[in-house]
Amino acid sequence: MAGGAREVLTLQLGHFSGFVGAHWWNQQDAALCAPTDAKEPPGELCPDVLYRAGRTPHGQETYTPRLILMDLKGSLSSLKQEGGLYGDRQLDAAIAWQGKLTTHKEELYPQNPYLQDLLSAEGVLSSDGIWRVKSIPNGKGPPPLTAAIAPKLLIPTESSIRVWSDFLRVHLHPRSICMIQKYNHDGEAGRLEAFGQGESILKEPRYLEELEDRLHFYVEECDYLQGFQILCDLHNGFSGVGAKATELLQDEYSGRGIITWGLLPGPYSLGEPQKNIYRLLNTAFGLVHMSAHSSLVCPLSLGGSLGLRPEPPVTFPHLHYDATLPFHCAAILATALDTVTVPYRLRSSPVSMVHLADMLNFSGKKVVTAAATVPFPLVPGQSLPDALVQLGGATAWTPLSACGDPSGTRCFAQSVVLRGLDRACHTSQLAPGTPLPSPLHACSTGEDVLAQYLQQQQPRVRSSAHLLLAPCKVAPPYPCLFSPSLSRHGLVLDGPPSGAAVESIPVLGALCSSSTLSRTLGDLARDLSKLDVRRWASFMDAGVEQGDVDEALQELGSLAQCYQGGDGLVD
């Protein structure tokens with residue numbers, strides 16, 4: 001890999017994870033396609049961490065995500081399981097049979113307009129049937145098309161998005177998609193509802209061998225594999241798939257980092273008691289089992305609670321979103337994920353996944369929470385010290401792990417990333433001799449400003465901070481969630497709305513080992529203790545018994561105790 005990148009292999013397990021993943025890869029691709037001056041130094045983030053270079057059968061170079069994706073039958077819409085990038089468009093299957101033929105033709109799904117757009121935006125399908133792809137970061141391939149001839153990006157409507165592949169803008173490698181044919185994505189029958197059902201999938205030789213083959217394919221071509229990041233549905237049977245996958249990775253790739261993001265859609269309805277009970281069981285079992293085999297586990301949700309008591313969805317001052325739409329929720333979570341994963345994707349002085357996990361999970365604290373300010377509220381002409389003083393403490397951040405209000409809780413360790421601010425505003429611009437409003441205004445670099453702010457808010461807490469110039473890209477098909485008071489680059493306007501579509505935003509994101517998890521995991525255990533699992537057929541059919549629930553209760557209690565007592569402070 002160029003520059004000795006420390007590669008990461010991504011696993012996406014489940015349909016909501018597919019939504020988050022589609023937004024995530026769209027944002028990575030938008031960053032890759034950003035116009036750059038040849039004289040500029042390479043970007044701060046190394047794309048080779050997440051992407052792999054390859055060749056089509058015609059020898060054309062490609063650049064595709066290093067990704068294994070598992071979902072259920074019926075979830076791909078018009079996307080082919082083998083993708084369209086490596087197919088041979090020159091050959092039509094010859095039919096040898098000369099007798100009578102009967103043709104049965106399924107109704108086709110509408111084509112993904114964003115992948116159709118890529119035919120002209122990122123490459124050319126020439127007359128000889130060969131896909132000519134865009135240039136890739138190492139400078140190979142044809143030059144990218146200029147903005148003058150690039151087609152206008154489409155803006156999706158919520159009604160047009162049914163599955164994650166409807167808005168994916170990235171071509172996938174043929175070995176990326178693994179379909180689970182024994183369960184259905186749509187309909188009421190044949191659903192993957194229970195943790196035990198998910199576990200049993202990777203106990204079947206067919207699916208286990210398929211996953212292992214794909215793992216070996218990607219891992220063996222890596223020079224400096226640092227680990228695996230797993231996006232996994234936590235609320236359904238994919239929780240069990242994730243548990244077995246993390247166990248497999250820990251057994252086969254000991255010493256590599258395994259960071260698991262347990263994803264849940266927005267708030268649930270009280271009118272669906274069975275789904276709520278399954279959500280609770282799957283979440284509890286998933287957190288227990290995945291934390292046992294991962295370096296780090298972080299639940300991600302815009303809901304307010306992991307347990308049975310419903311809480312309203314979180315709010316953002318400059319975002320307007322529908323918490324019932326996976327398309328909206330996944331976009332916000334992907335933006336936060338694109339920020340908090342920065343440390344192990346840096347081009348220079350990267351923090352390895354193992355090191356990040358070790359910093360956050362000392363004393364057995366392997367579950368962390370996430371929070372973000374989306375977008376970071378900076379007014380044009382304002383400095384970073386001004387904005388941080390105005391932002392206040394950590395409670396001003398929006399929690400993204402369904403753990404309730406973090407105010408009054410103790411932080412043991414944190415990793416913070418601020419990105420997307422112009423270098424000119426990193427430090428105070430006050431005239432010499434002007435009284436300083438705060439100690440932050442005396443700092444000489446943006447890095448010092450951020451470090452000083454964290455020291456003020458969480459004294460003596462073990463902290464890691466990164467400041468990047470690169471913003472998060474939010475161009476279509478990212479949904480239009482932003483307040484009209486934001487500029488094209490996500491700055492908060494103090495005048496009339498500009499009317500310009502928001503294309504990029506600054507974001508402040510954090511991962512935190514926090515005492516709030518003691519309460520959250522304890523509440524989850526109490527809810528679980530009230531259930532009689534024998535009432536829930538899918539769990540019983542999948543081999544989950546009351547003894548398994550009792551064991552999960554004990555493990556949840558042990559996890560909760562990790563966040564009680566002890567100061568977790570650095571001398």
Side-chain angles (χ1 to χ4, degrees), residues 20 229-232 234-235 259-267 283-284 286-288 290-291 294-307 309 311-316 329 332-343 353 356-374 393-418 454 457-458 461-465 507-525 556 559-564 566 568-569:
V20 176
Q229 60 177 11
I230 302 175
L231 282 62
C232 180
L234 204 54
H235 60 293
I259 296 184
T260 302
W261 309 97
L263 301 169
L264 300 101
T283 299
L287 285 176
V288 165
M290 285 189 276
S291 64
S294 301
S295 309
L296 203 66
V297 174
C298 181
L300 286 175
S301 174
L302 299 185
S305 169
L306 292 178
R309 185 169 67 179
E311 298 286 348
V314 298
T315 59
F316 302 83
C329 294
I332 298 170
L333 294 180
T335 298
L337 196 61
D338 190 29
T339 298
V340 298
T341 59
V342 156
M353 301 178 86
L356 178 64
D358 287 345
M359 193 274 289
L360 289 170
N361 72 13
F362 68 100
S363 300
K365 300 175 178 68
K366 294 177 70 173
V367 182
V368 297
T369 62
T373 304
V374 184
T395 54
W397 301 2
T398 301
L400 298 176
S401 292
C403 291
D405 185 359
S407 59
T409 60
R410 170 179 291 168
C411 176
F412 303 112
Q414 60 186 349
S415 170
V416 178
V417 176
L418 174 59
L454 297 177
Q457 301 304 322
Q458 303 285 353
V461 167
R462 183 183 300 189
S463 296
S464 170
V507 178
L508 178 65
L511 296 177
C512 182
S513 176
S514 167
S515 62
T516 188
L517 284 161
S518 176
R519 180 189 64 226
T520 299
L521 297 172
D523 290 346
L524 197 61
L556 276 176
L559 276 175
Q561 288 178 1
C562 288
Y563 302 90
Q564 294 177 348
L569 302 179

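Position 1 is the first residue of the sequence, and the numbers go up from there.
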Of the non-hydrogen atoms in T369 and C403, which two are nearest, and what is the gap between them?
CG2-SG, 3.9 Å

Where is the tightest heavy-atom contact between D358 and R462, given as atom of each residue plus distance?
O-NH1, 4.2 Å

Identified side chain to side chain contact (heavy atoms under 4.5 Å, CB included) partner of I259 from the options T341, V340, L356, I230:
L356

Approximate separation, where rounding is to 0.5 Å, of F316 CZ and L400 CG:
5.0 Å

Hey, could you give me the OG/CZ distance between S518 and R410, rounded to the nearest 0.5 Å?
11.5 Å

Minimum heavy-atom separation for P399 and V314, please, with both atom names.
O-CG1, 3.4 Å

Closest approach of C411 to V461 (non-hydrogen atoms, all atoms of both residues)
O-CG2, 3.2 Å

How about M290 and C232: do any of their side-chain heavy atoms sit closer than 4.5 Å?
yes

Using a 4.5 Å cut-off on heavy atoms from C-beta on, say whether the side chain of V20 contacts that of L300.
no

Residue set satisfying salt bridge (charged side-chain N to carboxylate O under 4.0 Å, His left out) with D338, at least two apart, ordered chain then number -> R345, R419

Quick one: does Y563's side chain get under 4.5 Å of L521's, heavy atoms only?
yes

Show, in sequence, the C-alpha distance, side-chain angles and deciding distance for L287 and L306, and conclude whether the side-chain contact (heavy atoms from CB on, under 4.5 Å) test is met.
CA-CA 11 Å; L287 285 176; L306 292 178; 4.2 Å; yes

Test log, rule side-chain contact (heavy atoms from CB on, under 4.5 Å), inputs L234 and L263
CA-CA 5 Å; L234 204 54; L263 301 169; over 6 Å; no

V416 vs W397 side-chain heavy atoms within contact, under 4.5 Å
yes

State, to 0.1 Å, how close A370 and S401 come at their nearest heavy-atom pair, and which atoms those are.
N-OG, 2.8 Å

Output all residues satisfying side-chain contact (heavy atoms from CB on, under 4.5 Å) with S291, sequence neighbours left out; order by chain, then residue number.
V297, V367, L559

Working for side-chain contact (heavy atoms from CB on, under 4.5 Å), residues S295 and M353
CA-CA 8 Å; S295 309; M353 301 178 86; over 6 Å; no

Gap between atom CD of Q414 and atom OG of S463 - 0.5 Å precision
3.5 Å

For S294 and T260: C-alpha separation, side-chain torsions, deciding distance, then whether side chain to side chain donor-acceptor pair (under 3.5 Å) applies.
CA-CA 7 Å; S294 301; T260 302; 2.8 Å; yes

Roughly how far apart are L517 CG and K365 NZ, rounded to 0.5 Å?
10.5 Å

Gap separating the CD1 atom of I332 from the CG atom of L337, nearest 0.5 angstrom:
13.5 Å

Flag the pair H235 / P265 as yes when at least one side-chain heavy-atom distance between them is below 4.5 Å, and no otherwise.
yes

Nearest heavy-atom approach of A402 to T520 is O-CG2, 4.3 Å

Check whether any side-chain heavy atom of N361 sits under 4.5 Å from a side-chain heavy atom of V368, and report yes or no.
no

May I ask you to test the P343-S464 pair for a side-chain heavy-atom distance under 4.5 Å?
no

Find the distance between NZ (K366) and OG (S513) and round it off to the nearest 0.5 Å.
12.5 Å

